[in-house]
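We number each residue from 1, following the sequence as shown. These numbers were taken from a predicted model, which means no experiment stands behind them.
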Amino acid sequence: MSEKENKMEKIVSLCKRRGLIFQGSEIYGGMGGTYTYGPLGVELKNNIKQLWWKKFVQDRINIVGIDGPILLHPKLWEASGHAEGFGDAMVDCKECKKRFRADHLVEDETGEDLEGKNEEMTKIIKEKEIKCPNCGKVNWTDVKDFNMMFKTQMNGVEGDIFLRPETAGAIFIEFKNVLDSTQQKIPFGIAQIGKAFRNEIVASNFIFRLREFEQMEIEYLIRPQDNWEPIFDDWLSQQEDFAMELGAKKEDLRRLEHPREKLSHYSKKTIDIEYNFPFGFKELFGLAHRGDFDLTQHTEFGNEKLEYFDQESGERFIPHILEPTFGVERSLLVALVSAYTEEQVGDPNPEDGQRDTRIVLKFPKKLAPVKIAFLPLSKKEELTNPTKELFNQMQEKFVCQYDDTQSIGKRYRRQDEIGTPYCVTFDFDSLEDKSVTVRDRDTMEQERVKIEELENYLTEKLSE
Ligand code: ATP
């Protein structure tokens, strides 16, 4: 196993051990591509969404948010083109009945990206006698398109209802309502965070490729005649900045422009921002120039003209749209991969010369699921009572944990593993000097702080 695969395995096991992420429906044998976020995972995920919402909605005057429904009118998917074709090419192994992404099988074998060319892929899979990654046999069906939308029904509505495969649709169709109910003037954006569902042919790489996930998307409206390129570049930089706020290093990010022949007919430019995951560079976020495609289509299929009226110039036009899109779980995976650190600590063991390994999640402080742990040095009530009192006071301000189990060393290690930036230890001296020891997660340095100054001290440290 390579070092990178090993790192991924360690992260998956840490996530389970410490209550960050569990396989979905595990006691029934699991459901691929679904996960439960445990007590700490849900905090981490919320922190990521809050960071995004603050950066892109609350801190900006020209972006507003909505929260649209998952269940949307069947006509929307006709207008957007999803009903006709939203999916990937699949191929089934006739021996073991496993299903695979045909483009991935071909790309792994030849290095060529033949997405969209089903006949060619069928030929290559047969000619090159590509083996089934599951059973090793060579007995394939032809390559076929597979629609990844989950289908359901709804009382009172004719036609198929789909669980939305992306959040954007709800934004396009609310364009008029947002415009009429706010004072926004072009250029402006509408943002949304919400669930999306894709019946991925193969769910893989932990929380990278899921069947149920969350997206954070912005539809940014500009004038058709605007010089869009600098605006597009600015969005790219902001997306990269966000990745770095999650902990990504600049050298682990790269831009991949979609070649002309793979661009949707309406798109002037699409760029994927890729991150160097332990399983290779893969799409983290995307940015697309969608032209007037969406608003034109929804105007045609719906009952309302989705136009913009410019009061100053008296012009009416359909705005063009730039779409920066972000995956919540891929962001979370970047945060985990960037934070995961193993350090050798302490003196070498006299028997084998080995030092202890300390596992630390060095999350940016803003993302840490727990900010401060309160630890009495011993289980004696004279220490636990005042520590609990301190914990109760601070809990109103910060997300805190109280822990009085096991040795102090073990408790520090546990907090390191979940990325808690500060541990506050209350010892026997604290009763006399009214001070506590504050331990820093990254440097492991300890500082004595007066209890009456603790709140200010921690507020300052956590905002660094
Ligand atoms: P990929 O090429 O990896 O399948 P995509 O190009 O289909 O991704 P988009 O349609 O651009 O992805 O979706 C926007 C964002 O939503 C992606 O950049 C990614 O962060 C996230 N995303 C898409 N599909 C999934 C999935 N199956 N699981 C988790 N996140 C996803």
key: Met31 vs Glu212, side chain to side chain contact (heavy atoms under 4.5 Å, CB included): CA-CA, chis, key distance, verdict   = CA-CA 11 Å; Met31 288 243 290; Glu212 176 176 345; over 6 Å; no
key: Salt-bridge contact Arg255-Glu240 (side-chain N to carboxylate O under 4.0 Å)   = yes
message = Please enumerate all residues that pass side-chain contact (heavy atoms from CB on, under 4.5 Å) together with Glu95, with sequence neighbours excluded.
response = Cys93, Cys135, Lys137, Asn139
Check: Lys269 main-chain N/O paired with Ser267 side-chain donor or acceptor under 3.5 Å = yes
key: With sequence neighbours excluded, residues passing salt bridge (charged side-chain N to carboxylate O under 4.0 Å, His left out) with Asp404   = none
key: From SG (Cys15) to CG (Leu44), nearest 0.5 Å   = 8.5 Å
message = Listing request: all side chain to side chain donor-acceptor pair (under 3.5 Å) pairs with a residue in residues 38-55, at least two apart in sequence or in separate chains.
response = Lys45-Glu214, Lys49-Glu214, Lys54-Asp59, Lys55-Glu245
ask   = Quick one: ring-ring contact (aromatic ring centres under 6.0 Å, His included) pairs with a partner in residues 190-221, sequence neighbours left out?
value = Tyr35-Phe206, Phe208-Phe277, Phe208-Phe279, Tyr220-Trp235
message = Check this for me, if you would: do Arg101 and Asp88 make a salt bridge, where the nitrogen-to-carboxylate-oxygen distance has to be below 4.0 angstrom?
response = yes
query = Parallel, tilted or perpendicular: which fits the ring planes of Phe232 and Trp228, with parallel below 30° and perpendicular above 60°?
reply = perpendicular
message = Once side-chain contact (heavy atoms from CB on, under 4.5 Å) is applied, do any residues pair with Ala203, and if so which ones, sequence neighbours excluded?
response = Arg211
key: Pair Glu217-Gln192, side chain to side chain contact (heavy atoms under 4.5 Å, CB included): steps then yes or no   = CA-CA 5 Å; Glu217 296 196 296; Gln192 182 174 216; 5.6 Å; no
key: Residues Leu361, Tyr340; criterion side chain to side chain contact (heavy atoms under 4.5 Å, CB included); working and verdict   = CA-CA 5 Å; Leu361 286 181; Tyr340 185 88; 4.1 Å; yes
request  = Flag yes if more than 12 heavy atoms outside Lys176 fall under 6.0 Å of its NZ atom; otherwise flag no.
outcome  = yes
task = May I have the step-by-step check of side chain to side chain contact (heavy atoms under 4.5 Å, CB included) for Arg358 and Tyr412, ending in yes or no?
result = CA-CA 10 Å; Arg358 175 174 95 111; Tyr412 281 154; over 6 Å; no
inquiry  = I'd like to check the ring-ring contact (aromatic ring centres under 6.0 Å, His included) partners of His320; sequence neighbours left out, ordered by chain and number.
reply    = His289
Set of residues satisfying side-chain contact (heavy atoms from CB on, under 4.5 Å) with respect to Lys434, sequence neighbours excluded = none
query = Which side chain to side chain donor-acceptor pair (under 3.5 Å) pairs, counting each pair once, include a residue from residues 382-396, with sequence neighbours left out?
reply = none
note = Those residues at least two apart in sequence (or on a different chain) that pass ring-ring contact (aromatic ring centres under 6.0 Å, His included) with Phe188 are none
task = Please name all residues satisfying ring-ring contact (aromatic ring centres under 6.0 Å, His included) with Phe374, sequence neighbours left out, ordered by chain then number.
result = none
inquiry  = Could you tell me if Thr459 and Asn456 have a donor-acceptor pair between their side chains, going purely by distance under 3.5 Å?
reply    = no
Contacts of type side-chain contact (heavy atoms from CB on, under 4.5 Å), residue Lys249, not counting sequence neighbours = Glu251, Asp252
query = Which residues pass the salt bridge (charged side-chain N to carboxylate O under 4.0 Å, His left out) test with Asp108, sequence neighbours left out?
reply = none
message = Around atom NZ of Lys98, are there more than 12 heavy atoms from other residues, nucleotides or ligands closer than 6.0 Å?
response = no
ask   = How are the rings of Phe285 and Phe326 set to each other: parallel, tilted or perpendicular (split at 30° and 60°)?
value = tilted
